[in-house]
Amino acid sequence: MDSLLGLKRTHSCGELTKQHAGQEVVLCGWMARRRDHGGLIFVDLRDRSGMVQLVFSPDIDPAAFHKAEAVRTEYVLAIRGTVRMRDAETVNANMATGDIEVTGVELRILNAAKTPPFYIQDDIDVDEVLKLKYRYLDLRRPEMQRNLILRHRVAKLMRDFLDRQGFIEVETPMLTKSTPEGARDYLVPSRVNPGKFYALPQSPQIFKQILMVAGFERYFQIARCFRDEDLRADRQPEFTQLDIEMSFVDREEVLTMMENMVAYLFKEAIGADVPTPFPRLGYDEAMDKYGSDKPDLRFGMEMIDLTEAVRGSDFKVFENVLAAGGKVKAINVKGYAAIPRRELDGLVEYVGQYGGKGLAWMCYTAEGIKSQITKFFSEAAIAKVTAAAGAEEGDLLLIMADAPETLNPVLGQLRLEMGRRQNLIDPAKLSFAWVIDFPMFEYDPEDKRWVAMHHPFTSPRDEDAVYLGSDPGRIRAKAYDMILNGTEMGGGSIRIYQRDLQEKVFKAIGLSDEEANEQFGFLLEAFEYGTPPHGGIAFGLDRMVMLMAGRPSIRDVIAFPKTQSATDIMSQAPSAVSPRQLKDLAVKLDIVVKK
RNA sequence: GGCCCCGUGGUGUAGUGGUCUAACAUGCCGCCCUGUCACGGCGGAGAUCGUCGGUUCAAAUCCGAUCGGGGUCGCCA
């Protein structure tokens with residue numbers, strides 16, 4: 001094995017162009033591919049910046065040539081050589097550095113490498129376990145390097161933008177207090193306080209509000225957050241938020257500044273033009289038209305209310321739903337009247353997964369309407385449905401009936417599914433919007449109490465606060481979510497900053513005075529020492545970068561992600577600990593759960 | 001906790017009861033090759049088919065359990 005002694009890297013592989021022709025350069029990197037012609041060897045050398053072709057020949061340097069014969073995949077190399085133009089017929093247009101090559105006069109093998117378990121290249125299809133076990137090799141692949149470099153760029157742009165706007169980056173604790181609301185906490189036992197636990201933060205929410213009380217006026221943090229809930233493609237137990245809070249602002253100011261920031265980020269990071277201001281949707285409208293509080297607005301197919309059109313038919317299913325106060329709604333899948341019967345049956349199953357009890361359809365074919373339900377309806381009623389849905393020949397109406405709370409989300413899922421099947425979703429499109437006027441509370445039938453939809457520090461709209469004691473369900477909050485292509489990218493609110501209002505909200509979610517004091521007493525007390533009106537927002541950095549990179553999972557933009565069972569295959573976390581460690585922490589494992 | 005998909009040489013796949021002594025591609029090893037770029041040619045090694053149990057004269061193949069991965073519902077203020 002050779003050392004680097006006396007050689008200093010002068011260039012990176014990817015930066016070389018015809019401008020460098022004639023120069024002697026020193027390059028370092030990994031051996032990506034070798035083409036050995038017996039009397040002539042080509043090596044593609046890869047580093048973070050890209051790849052370049054090296055040429056070794058006995059005519060150039062016999063020692064370097066013979067060394068090159070022994071080089072294998074992923075060996076770490078340093079080479080000294082001269083950049084030269086390729087002959088016209090040997091130019092490789094598929095390679096960024098394809099105009100030139102480097103003739104090697106000195107080759108050093110800095111380190112050998114075992115043959116990697118998978119190819120170090122883009123677009124591979126390999127088992128997740130293998131990729132995660134050898135994450136350092138997976139991360140060596142150019143596309144993964146691009147993803148993490150993009151992530152770095154986005155974080156830097158966030159800091160640049162917010163710094164210019166007068167924001168101060170402040171770190172808040174990772175060892176914090178467990179609170180009853182929200183997701184399950186990750187707990188950390190305290191050695192010096194036996195029997196007591198810290199919680200890792202689900203978000204820096206309370207600390208950032210305290211920073212407003214402290215007079216920082218504009219705060220941000222790129223903050224790690226922890227939630228002990230089940231994982232998804234876009235959910236990891238630890239994830240990163242861009243957390244922001246501002247004093248002396250109203251909702252308008254927050255929304256305007258944040259959409260400007262996001263437009264800046266997308267422009268600078270991926271060159272996308274994002275028009276501002278963003279469209280705004282009320283929560284009720286979003287649920288009514290799209291059945292979701294984070295609708296994918298890249299395509300239409302809005303839900304259509306047929307309640308009045310179908311009222312008074314002989315169809316018992318609809319009549320029963322209507323009698324119970326439910327609704328009948330449909331989506332119009334344009335041009336899909338020829339849907340195979342088998343697919344329709346599949347759709348019934350599909351809505352069943354989401355709690356849909358049934359699905360009616362009307363196919364507007366050239367021979368008339370094919371449907372299992374039209375026989376229950378008068379011609380006039382059918383005409384009303386056709387008019388309400390704007391149905392034409394070739395269209396397919398998918399119709400559901402249920403209470404709105406069930407119907408909307410299920411039909412919303414069906415809308416998404418049909419959008420996907422009909423290829424209506426343009427992957428290149430970026431459809432941003434704000435969803436505003438969220439309900440303050442939603443009723444939890446399991447706990448039989450009202451819970452904060454956003455969090456309990458969200459301010460109710462001024463005109464709705466009077467219902468706090470009487471009718472929490474009708475209160476709208478000063479909350480907002482930024483959505484992009486059906487993903488919630490960020491959410492926030494204008495906060496409560498007065499003790500008495502905060503106490504009323506705690507009461508509304510069933511916290512007694514004692515509990516409120518025990519959990520949040522310090523915040524309530526802080527509110528009495530001159531708290532400015534304030535509000536803020538937090539963005540999911542992982543999701544934002546995932547969307548920018550066009551990846552299907554945030555695992556692709558996190559250096560060391562966890563599996564669906566929250567383990568790290570590379571480091572084998574979590575793991576058992578020694579009895580000694582447990583004893584120090586005053587922790588006893590009485591309830592042993594499998595393995 | 002529920003539902004769905006996946007697990008076969010290093011990697012990706014084929015094989016759905018006997019002809020499997022497991023096929024193909026790629027990678028790997030050896031030899032040849034002075035303009036390739038997914039170089040090419042010739043030869044070779046490499047798999048008890050995730051694990052355990054069952055059915056059967058016979059199991060990669062059927063059944064059950066289990067482990068691991070992925071997607072999703074619930075959950076995620």
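Side chains included, hydrogens not; waters and symmetry mates left out as well; all remaining heavy atoms used. Note that this is a predicted model, so its numbers are computed, not measured.
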- Query: Ignoring hydrogens and angles, does a donor from either the side chain of R34(A) or the base of C39(B) sit under 3.5 Å from an acceptor on the other?
  - Reply: no

- Message: Can you see if the side chain of R555(A) gets near the phosphate of G71(B) - specifically, an N or O under 4.0 Å from OP1 or OP2?
- Response: yes

- Query: For L132(A), which contact category applies under a 4.0 Å heavy-atom criterion: base, sugar-phosphate, or nothing?
  - Reply: nothing

- Query: RNA chain B: K294(A) or G38(A), which has the more 5' nearest nucleotide?
  - Reply: G38(A)

- Query: For Q564(A) and G71(B), is the shortest distance between a side-chain N/O and OP1 or OP2 below 4.0 Å?
  - Reply: yes

- Indicate, yes or no, whether a donor-acceptor pair under 3.5 Å links the base of G71(B) to the side chain of E128(A). no

- For C29(B), take OP1 and OP2 only and decide whether either is under 4.0 Å from a side-chain N or O of R72(A). yes

- Message: Looking at D59(A) and U34(B), is any side-chain donor or acceptor paired with a base atom of the opposite kind under 3.5 Å?
- Response: yes

- Item | Distance, rounded to the nearest Å, where K114(A) contributes NZ and G10(B) contributes P | 13 Å

- Ignoring backbone atoms, establish whether S565(A) has a side-chain N or O less than 4.0 Å from OP1 or OP2 of G69(B). yes

- Message: Applying a 4.0 Å non-hydrogen cut-off, can you work out what T563(A) is touching in the nucleic acid: base, sugar-phosphate, or nothing?
- Response: sugar-phosphate

- Has H37(A) got its ring stacked on U36(B), by the test of a centre gap below 5.5 Å and a plane angle below 30°? no

- Task: If a protein heavy atom is under 4.0 Å from the base, mark B; if only from the sugar-phosphate, S; if neither, -; do that for nucleotides 42-52 of chain B going 5' to 3'.
- Result: -----------

- Message: Check the phosphate of G68(B) against T567(A), side-chain N and O only, distance under 4.0 Å to OP1 or OP2. Yes or no?
- Response: no

- Query: For the ring pair F42(A) and H37(A), is the centre-to-centre distance below 6.0 Å?
  - Reply: yes

- Using the P atom as the reference point in each nucleotide, state the distance between G40(B) and G27(B) in Å, no decimals. 8 Å

- Message: What's the closest nucleotide to the side chain of V129(A) if the choices are C75(B), G69(B), C37(B)?
- Response: G69(B)

- So which heavy atom on R72(A) is nearest to which on M31(A), and how close? C-CE, 3.3 Å

- Query: What does S203(A) touch in the nucleic acid at a heavy-atom separation under 4.0 angstrom: a base, only the sugar-phosphate, or nothing?
  - Reply: base

- Have a look at F42(A) and say if it touches a base, only the backbone sugar-phosphate, or nothing, with a 4.0 Å heavy-atom cut-off. base

- Item | C6(B) to C49(B) separation - C1' atoms, rounded to the nearest Å | 14 Å

- Query: How far apart are the closest heavy atoms of A32(A) and T73(A), and which atoms are they?
  - Reply: O-CG2, 4.4 Å

- Query: Does E89(A) CD have over 12 foreign heavy atoms under 6.0 Å away?
  - Reply: yes

- N/O (side chain, R35(A)) to phosphate O (OP1/OP2, C39(B)) under 4.0 Å: yes

